[in-house]
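Quick note on labels: first sequence line is chain A, next is B, and so on, each numbered from 1. Scope of the values below: all heavy atoms of this structure, side chains included, with no hydrogens, waters or symmetry mates.
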There are 2 protein chains.
Amino acid sequence: MISPASPTLPELRLELAPPDVEAPLAIAVLLADRNRATILAILRDGPHCVCELAAALGERSNNVSNHLARLREAGLVRASRQAADTRRMYYERDEAACAAAFAQLGALLEPKR
Amino acid sequence: MISPASPTLPELRLELAPPDVEAPLAIAVLLADRNRATILAILRDGPHCVCELAAALGERSNNVSNHLARLREAGLVRASRQAADTRRMYYERDEAACAAAFAQLGALLEPKR
DNA sequence: CAGATATCTCAGCGACGACTGACACACTAT
DNA sequence: ATAGTGTGTCAGTCGTCGCTGAGATATCTG
């Protein structure tokens with residue numbers, strides 16, 4: 001017997017296995033920086049080059065380039081050169097990847113089912 | 001005249017006003033910690049007390065209590081005592097607030113319209 | 001060619017935040 | 001009352017991460 005000392009004391013579930021949150025956590029970490037979050041928001045209305053984003057953010061180009069590299073490694077943005085301006089690097093959102101990332105965060109904020 | 005030196009060089013938009021991302025940023029910062037993210041995921045299947053969460057996370061109660069305080073200040077979780085167990089503090093998700101937070105993140109990851 | 005512009009990379013520094021440890025408070029049991 | 005349990009608070013420490021600065025690469029202009 002497990003000796004129910006107190007009649008109605010709820011038994012603790014100490015064996016709970018913590019769910020895997022790696023995927024949504026990685027997305028949240030990316031979004032948890034003001035510059036990266038703002039970049040994603042700016043790119044919602046079309047592609048922009050690094051110097052435009054840097055000017056909008058009031059940050060230096062190399063810093064913005066670093067953030068864009070992080071976003072690109074995660075697949076949220078794409079880099080491309082335009083034929084009319086091969087000197088600048090234009091970044092645009094990968095809407096499919098962004099939607100997938102948004103869905104991942106649902107595992108933290110949406111009800112279970 | 002503005003002297004179009006290069007015929008088709010796209011003009012930069014250096015006057016871009018960065019959009020306000022404070023609200024979704026605050027949510028992302030909250031989710032960008034493994035323990036807080038895991039807590040939110042665990043609470044998806046019902047209320048749990050601090051010691052249960054601490055055991056599941058392999059963390060100490062005071063640390064978990066700190067994270068729960070952060071989540072509570074943001075309104076994502078509620079604390080309540082149950083009549084059957086007035087000693088422990090039970091935490092449960094505020095599903096409405098979680099859904100609202102999820103919608104806020106849409107301003108970063110969802111297409112513009 | 002040299003010079004200017006735009007971007008990328010990376011080592012080093014500094015600040016923010018999570019964890020620790022100690023303590024306080026509330027409630028229960030003996 | 002005393003001991004034990006569960007939770008909350010907070011100062012201090014330490015690791016992590018964003019920013020800086022310097023340098024490299026690539027493209028265009030004169």
Side-chain angles (χ1 to χ4, degrees), chain A residues 3-14 25-26 28-39 47-74 77-92, chain B residues 3-14 25-26 28-39 47-74 77-92:
Chain A
S3 73
S6 308
T8 52
L9 230 180
E11 42 189 82
L12 296 180
R13 298 194 223 157
L14 299 178
L25 178 59
V29 168
L30 270 181
L31 301 184
D33 176 83
R34 173 175 283 101
N35 284 332
R36 284 195 297 269
T38 308
I39 287 172
H48 288 282
C49 65
V50 178
C51 54
E52 282 176 334
L53 295 170
L57 294 169
E59 296 285 342
R60 305 194 176 179
S61 307
N62 58 352
N63 190 16
V64 174
S65 180
N66 268 322
H67 286 303
L68 285 167
R70 301 267 311 264
L71 294 173
R72 193 179 31 171
E73 289 167 14
V77 304
R78 273 188 303 262
S80 65
R81 295 190 188 278
Q82 294 187 353
D85 184 2
T86 59
R87 192 154 39 166
R88 299 193 182 89
M89 206 66 161
Y90 282 80
Y91 283 85
E92 62 180 355
Chain B
S3 74
S6 307
T8 53
L9 230 178
E11 40 190 86
L12 297 178
R13 298 195 224 156
L14 298 178
L25 178 60
V29 167
L30 270 181
L31 301 184
D33 176 83
R34 173 175 283 103
N35 284 332
R36 283 195 297 268
T38 308
I39 287 172
H48 288 283
C49 65
V50 177
C51 55
E52 282 176 335
L53 295 171
L57 294 169
E59 296 285 342
R60 305 193 175 179
S61 307
N62 59 350
N63 190 16
V64 174
S65 182
N66 269 322
H67 286 302
L68 285 167
R70 302 268 311 262
L71 294 173
R72 194 179 31 169
E73 288 168 14
V77 303
R78 271 189 304 264
S80 64
R81 295 189 187 277
Q82 294 187 353
D85 183 4
T86 59
R87 191 154 42 166
R88 300 193 182 90
M89 207 63 162
Y90 282 81
Y91 282 85
E92 63 180 354

Discussion item. With a 3.5 Å distance limit and no angle check, can you tell me whether B:Arg81 reaches the backbone of B:Thr86 through a side-chain donor-acceptor pair?
Written reply: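 The answer is yes, because a donor-acceptor pair under 3.5 Å joins these two groups.
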
Item to complete: Output yes when a side-chain donor or acceptor of B:Arg36 lies under 3.5 Å from a complementary backbone atom of B:Val29, and no otherwise.
Response: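 Yes, because the side chain of B:Arg36 sits within donor-acceptor range (under 3.5 Å) of the backbone of B:Val29.
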
Worksheet item: Hey, what do you get for CD (B:Glu92) to OG (B:Ser80), rounding to the nearest 0.5 Å?
Response: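 Here the rounded value is 5.0 Å.
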
Worksheet entry | Closest-nucleotide ordering on DNA chain D, the 5'-leading residue of B:Ala79 and A:Arg70 |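 Mapping each residue to its closest nucleotide by heavy atoms, the 5'-most match is B:Ala79.
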
Worksheet item: A:Asp33 or A:Arg81: which one's nearest nucleotide on DNA chain D is closer to the 5' end?
Response: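 Mapping each residue to its closest nucleotide by heavy atoms, the 5'-most match is A:Asp33.
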
Practice prompt. Might you confirm whether atom CZ of B:Arg34 has over 12 heavy atoms from other residues, nucleotides or ligands at distances under 6.0 Å?
Written response: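 No, not enclosed.
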
Separation of atom [atom1] in [X] from atom [atom2] in [N], rounded to whole Å:
{"X": "B:Arg72", "N": "D:dT7", "atom1": "CZ", "atom2": "P", "value": "12 Å"}
{"X": "B:Met89", "N": "C:dA26", "atom1": "CE", "atom2": "P", "value": "13 Å"}
{"X": "A:Arg87", "N": "C:dA6", "atom1": "CZ", "atom2": "P", "value": "6 Å"}
{"X": "B:Arg60", "N": "C:dA18", "atom1": "CZ", "atom2": "P", "value": "17 Å"}
{"X": "A:Leu68", "N": "C:dT9", "atom1": "CG", "atom2": "P", "value": "11 Å"}
{"X": "B:Ile39", "N": "C:dC19", "atom1": "CD1", "atom2": "P", "value": "9 Å"}
{"X": "A:Tyr90", "N": "D:dT27", "atom1": "OH", "atom2": "C1'", "value": "14 Å"}
{"X": "B:His67", "N": "D:dT9", "atom1": "NE2", "atom2": "C1'", "value": "15 Å"}

Item to complete: Record whether the side chain of A:Asn62 comes under 3.5 Å of the base of D:dG21 through a donor-acceptor pair of N or O atoms.
Response: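 Such a pair is found, so the answer is yes.
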
Discussion item. Would A:Asn66 and A:Arg70 count as a side chain to side chain contact (heavy atoms under 4.5 Å, CB included) here? Give the steps.
Written reply: CA-CA 7 Å; A:Asn66 268 322; A:Arg70 301 267 311 264; 5.8 Å; no

Fill in: Candidates D:dT7, C:dC8, C:dT7 - which lies nearest the side chain of B:Arg88
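Of all the options, the side chain of B:Arg88 is nearest to D:dT7.
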
Worksheet entry | Minimum-distance nucleotide (side-chain atoms of A:Asn63 versus D:dC10, D:dC19, D:dG4) |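 Selected nucleotide: D:dC19.
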
Counting any heavy atom closer than 4.0 Å, what does [X] reach on the DNA or RNA strands: base, sugar-phosphate only, or nothing?
{"X": "B:Asn66", "value": "base"}
{"X": "B:Thr86", "value": "sugar-phosphate"}
{"X": "A:Arg34", "value": "nothing"}

Discussion item. I want to check one thing: is the phosphate of C:dA6, taken as OP1 and OP2, less than 4.0 Å away from some side-chain N or O of A:Tyr91?
Written reply: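 False: A:Tyr91 side-chain N/O out of range (4.0 Å or more) of C:dA6 OP1/OP2.
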
